[in-house]
Structure formats: structure tokens, C-alpha cells
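By convention in this document, chain letters (A, B, ...) are assigned in the order of the sequence lines, proteins followed by strands, and residues within each chain are numbered from 1.
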There are 2 protein chains.
Amino acid sequence: MSQPDKRRKILDAAVRVFAQNGFYNSKVSQIAREAGVADGTIYLYFKSKEDILVQVFMDTMEQALRIQEDALAGLECPVERLRRFIRVHFESVSQSPALAEVITVELRQSSKFMRGTDMKPFGRYLGIIARIVSDGQARGLFSPTCQPRRVARMLFGAVDELALEWAMDDRGTALEDAWGETASIFLDGLLVRPSVARDAAPTLSPNTTTTPATPQKEDLA
Amino acid sequence: MSQPDKRRKILDAAVRVFAQNGFYNSKVSQIAREAGVADGTIYLYFKSKEDILVQVFMDTMEQALRIQEDALAGLECPVERLRRFIRVHFESVSQSPALAEVITVELRQSSKFMRGTDMKPFGRYLGIIARIVSDGQARGLFSPTCQPRRVARMLFGAVDELALEWAMDDRGTALEDAWGETASIFLDGLLVRPSVARDAAPTLSPNTTTTPATPQKEDLA
DNA sequence: GCGCGCTGAATGGCGGTTCATTCAGGAGGC
DNA sequence: GCCTCCTGAATGAACCGCCATTCAGCGCGC
């Protein structure tokens, strides 16, 4: 009646507590209280306090991977895939900010001294982006000069930073339109179109002035 | 003979130790040993262990700000300013990886429970980027639709993530060419030029195929 | 001999982990 | 149906090691 049920309750409680105090300032007994469970019970399900964190991380990452894989399943075009990825990431984050905060903040900390814990799931998450990029390059859509792996890391950093800001400070501002802006920068860049005629003075303003390549339709999930 | 000298030694030692073990797994006595100083001495210069971290953060941030302000002093063009900013950031990081690691990793952690410690310096760092962006918009160079503050955050995230990766794992790979790639993505995007004629089939290949707007000369520091 | 900068052994408490104990519910004998 | 015996999940008070912080004293320069 309780086995996996209780594990979940503890994990959820842990996420809340970690998000509020950070891993090291969280007491196991507080997690227990929050989960409605005795201190000792926790050690029936987890090896140690640190193990809780690892499992939170693993669970979340695996879920995120599944969600992305599902979301991208139908799409062909790398451009659309990239946009979708970004949107889904933000959506996942806004689903449970506390979780996002823990992953985002604690993940870094952890990966330092958790040598031993395999960060594979994270690598796979990056891999999704990297594959989109290299695929886009193969089709001649994306600039062939950039390293997919690096772009993946870059994009993840950007997206993660925005998510963190949102989760920590200004829960008020809309995270919803962050995704569009992020996508448009990564696809089109900051620069306004007429980049070829860079040093040519604005002789005649071509009709290109406002043509961000972004307005592809991208309807519902 | 030692007042500010010793403070520095302790700070430097702390950076090394924190970088290796993370803040919470670092022992004050280890910092002391590393600094060639007695445990108690540390408390002559710092209120607490946490205070050491705060000061590392403050010092570093202030230095980073100074460096960027100096580096950008002469430049007018927002495009060049942005590129310079990115390059200088990476250069700073590669100057002392340990420091970068601490700032990058611990900063997040910290800002959670260090409510009270003002994160102003970090805000100012973001502010530099934001100003470049809004300036670029004012001059019609950058897309007017994006929020400078958000772009700043995004860029910082990207750059920080790359720096972290470099500092932690693959110290081997060249951080040097990361800056160029980052700049080119943020300025030009991933997409290969002919964005206007999106759905038009490749009727005639225009000469635009390989024209990343990046090849501005950007010589030495 | 005084004070200042420094020392490092001692301390105090904090909190992760353990483990003797409890108790709900299931199986089986009558 | 009811009582008894088991089982193992759950409990939570106590334990114990760890480490940030303190402070009584030491030496050195004046």
C-alpha cells in the first residue's frame, strides 16, 4: 500500500525542502516531517541524505528526457524541433518551479563532488539538442561552422539561466514568452537582417528591415 | 607587513579549496593549512566561513566589472562591444579556472540562502550586457523585439555554462575559440542566411550561402 | 614589560544515522 | 468467526563524529 507511494512522498517533500533551504541547509528530519514520515523511514528508501538528491536528479532527468522525446517525436524539421525543444523545456520548468530550482542549482554543486554518480542522463539531455543541431547542419539549414555539442551546452545554459531567474525571483513575469525570444535569438541572432551589406550606408532601405525568420506557425503541443 | 597580504592569501586558498570540494565540504582548517595560517587567524579577517565565500564573490565580481569596463572603454559599436564582452569574459575565466568554478557554482547556491547579501555586483554585470543590447537596438542594429535584460541573462547563462564545462571537465579543449562561436550565434543565429525566402524552394542559389556576418576584424585586446 | 598578531588545542552543538521497539495486518489452527 | 503468532514496515529517541568557532596563551618587536 505504500512502497512506491512513500518513496514518492519523500522525494516530493525533499524537493520542496531542498528548494527552500538548499541541500546543505536542509535537515533530514525536516524532510521527514514534510513527508509525514518518521526520520528513520527515510533510510528504508534511501541510502543517505545525498542519495535522496541523486535520486531526485535521476528521476527528474529521466522524466525530462521522456517528455522531450515524446514532444519531438513527430517533428522533422530541425528548426521546428529546436523551437519545440525550447518551449517544452520552459513548460516543464513552469510546471514545478521548486523542482527546477533544485535541479538547476544543486546539479552544479553536485556534479563536483559526485564524481561517481553518473551524469549520463544530463549528457543525454544535451545530446538531444546536439543532434538537432547536427541534423540541421546536415540539411544545410544551420551554419556548418559551429560545434553541435557546444551549441547544445550554450543553449542549455541560456535556457537554464532564464528558468532559474524565473524560479527564484520574479515568478511574476511571464515565462511563456521567454521561449519565443530564446528561439529567435538562437535561430536568427540579435542582428537585424541586412547583414551582408554591412558597411554599406543605408542607401535604400530594403524591405528586409523587419523580417525575423521566426514567424513559423507553431500551434499547440 | 601582512594585513591585506594575509587576507589575500586566505581568499586565494579558499578559492582553491572551495573549487576542489565545494563550499560545504570544505573545512576551515583546510583553508587555513592551504593558506599557511592558523585556524584562528582566519577569524581575524573574516566573520565566518560563509563570510569568506561572500567576500570571494564580492572581490571577484568587482574585479570582473572593472576588467569589462576597461575593455569596453574605447569601443563604440554595439556589435563589437558584444563580441569584446564575450571574449573578455572567457579570457577572465581561463585566467583562473578555480575562481570561475567557485563563482559559477557557488553563486547560485548562495543567492538562495544569502538573501541579505546583496547581489548587486552581479546585477551590474548583467547590466553591462543589457546596456549593449539596448544600445544596439537604439541604433537599429539589433532586433527591437527582444528584451535587453532577458538577452543579458540568456547570454550570461550561455557563457557561464561553457565556462563551467571547461573549468570542470575538459580543460583540454580550447576555450579560446568558444568566444567566437558564442558571439556568432548570438549575433547571427544558427540559421544559414537565406531566411527571407523561407518556403521558396531552392530555385536559384543566391550568393548568400556562406556569409556569416561575423568576419569583423577583432585583433588583439 | 607591553601589546599586537597570531596560534592551535579544546569545546559545544548540530544533525545524519542507527536500532531497539511498536504495531498493523495476514496466515493458520481451532 | 475468533484468537494467536509472525512478519516486516515504520518509528523516533539517542548516539556519535564532525567541524566551525573560541580563547588562553605565546613570541616578537619596540
Side-chain angles (χ1 to χ4, degrees), chain A residues 1-59 102 105-106 109-110 112-117, chain B residues 1-59 102 105-106 109-110 112-117:
Chain A
M1 189 207 294
S2 47
Q3 268 180 43
D5 190 22
K6 202 154 272 187
R7 191 188 115 94
R8 259 265 71 80
K9 275 217 298 214
I10 295 172
L11 280 175
D12 290 348
V15 167
R16 265 173 281 141
V17 174
F18 289 162
Q20 190 157 65
N21 314 317
F23 178 72
Y24 286 100
N25 293 21
S26 301
K27 292 148 220 359
V28 171
S29 60
Q30 195 187 346
I31 298 174
R33 183 149 18 95
E34 190 89 4
V37 147
D39 293 14
T41 307
I42 289 185
Y43 290 86
L44 262 29
Y45 295 90
F46 303 92
K47 279 207 320 295
S48 63
K49 182 185 174 186
E50 191 177 297
D51 186 42
I52 304 176
L53 183 59
V54 174
Q55 307 242 14
V56 166
F57 168 59
M58 289 304 198
D59 272 29
V102 172
V105 171
E106 244 54 64
Q109 253 281 345
S110 311
K112 190 202 305 299
F113 66 90
M114 276 185 197
R115 324 235 189 221
T117 310
Chain B
M1 191 210 293
S2 46
Q3 268 180 42
D5 191 20
K6 202 154 272 186
R7 192 188 114 95
R8 260 262 73 80
K9 276 216 297 213
I10 295 172
L11 280 175
D12 290 348
V15 167
R16 263 172 283 140
V17 174
F18 289 162
Q20 191 157 64
N21 314 317
F23 178 71
Y24 286 100
N25 294 3
S26 300
K27 291 145 218 6
V28 172
S29 60
Q30 194 187 347
I31 298 174
R33 184 150 18 97
E34 190 90 4
V37 149
D39 293 14
T41 307
I42 288 184
Y43 290 86
L44 262 30
Y45 295 90
F46 302 92
K47 278 207 320 295
S48 64
K49 182 186 174 186
E50 191 176 296
D51 186 42
I52 304 177
L53 183 58
V54 175
Q55 306 243 13
V56 166
F57 169 59
M58 290 303 200
D59 271 31
V102 172
V105 171
E106 244 55 62
Q109 254 281 344
S110 311
K112 190 201 306 298
F113 67 90
M114 278 182 195
R115 323 234 190 225
T117 310

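- The nucleotide whose nearest atom lies closest to any side-chain atom of A/Asp39 is, among C/dG15, C/dG8, C/dT17, C/dT17.
- Note: CG (A/Asp5) to C1' (D/dA9) measures 14 Å, nearest angstrom.
- We find that CZ of B/Arg33 is positioned 15 Å from C1' of C/dT7, with the value rounded to whole Å.
- The shortest heavy-atom contact between A/Lys9 and A/Ala35 is CE-O, 3.6 Å.
- Taking atom CD on B/Gln30 and atom C1' on D/dT21, their separation rounds to 17 Å, with Å as the unit.
- The nearest whole Å value for the distance from the CG atom in B/Asp51 to the P atom in D/dT22 is 12 Å.
- Taking only side-chain nitrogens and oxygens, B/Ser29 never comes nearer than 4.0 Å to OP1 or OP2 of D/dC19.
- Look at CD1 on A/Ile31: it is 11 Å from P on C/dT17, rounded to the nearest Å.
- Nearest to the side chain of B/Lys49, among D/dA20, C/dG16, D/dA10, sits D/dA20.
- As a whole-Å value, the separation of B/Phe46 CZ from C/dC6 C1' is 15 Å.
- In this structure, A/Arg8 pairs ionically with A/Asp12, as a charged nitrogen and a carboxylate oxygen lie closer than 4.0 Å.
- One N or O on the side chain of A/Lys49 and one on the backbone of A/Phe23 form a donor-acceptor pair closer than 3.5 Å.
- Closest approach of A/Tyr43 to A/Ser48, counting heavy atoms only: CE2-CA, 4.0 Å.
- Summary of the strand contacts: A/Leu44 and A/Ser26 both lie near DNA chain C, and taking for each the nucleotide with the nearest heavy atom, the more 5' one is attributed to A/Ser26.
- The B/Tyr43 side chain lies nearest to D/dA20 when the options are D/dT11, D/dA20, C/dT17.
- What separates NZ of B/Lys6 from C1' of C/dG5 is a distance of 7 Å, to the nearest Å.
- With rounding to whole Å, A/Arg7 atom CZ is found 16 Å from D/dA9 atom P.
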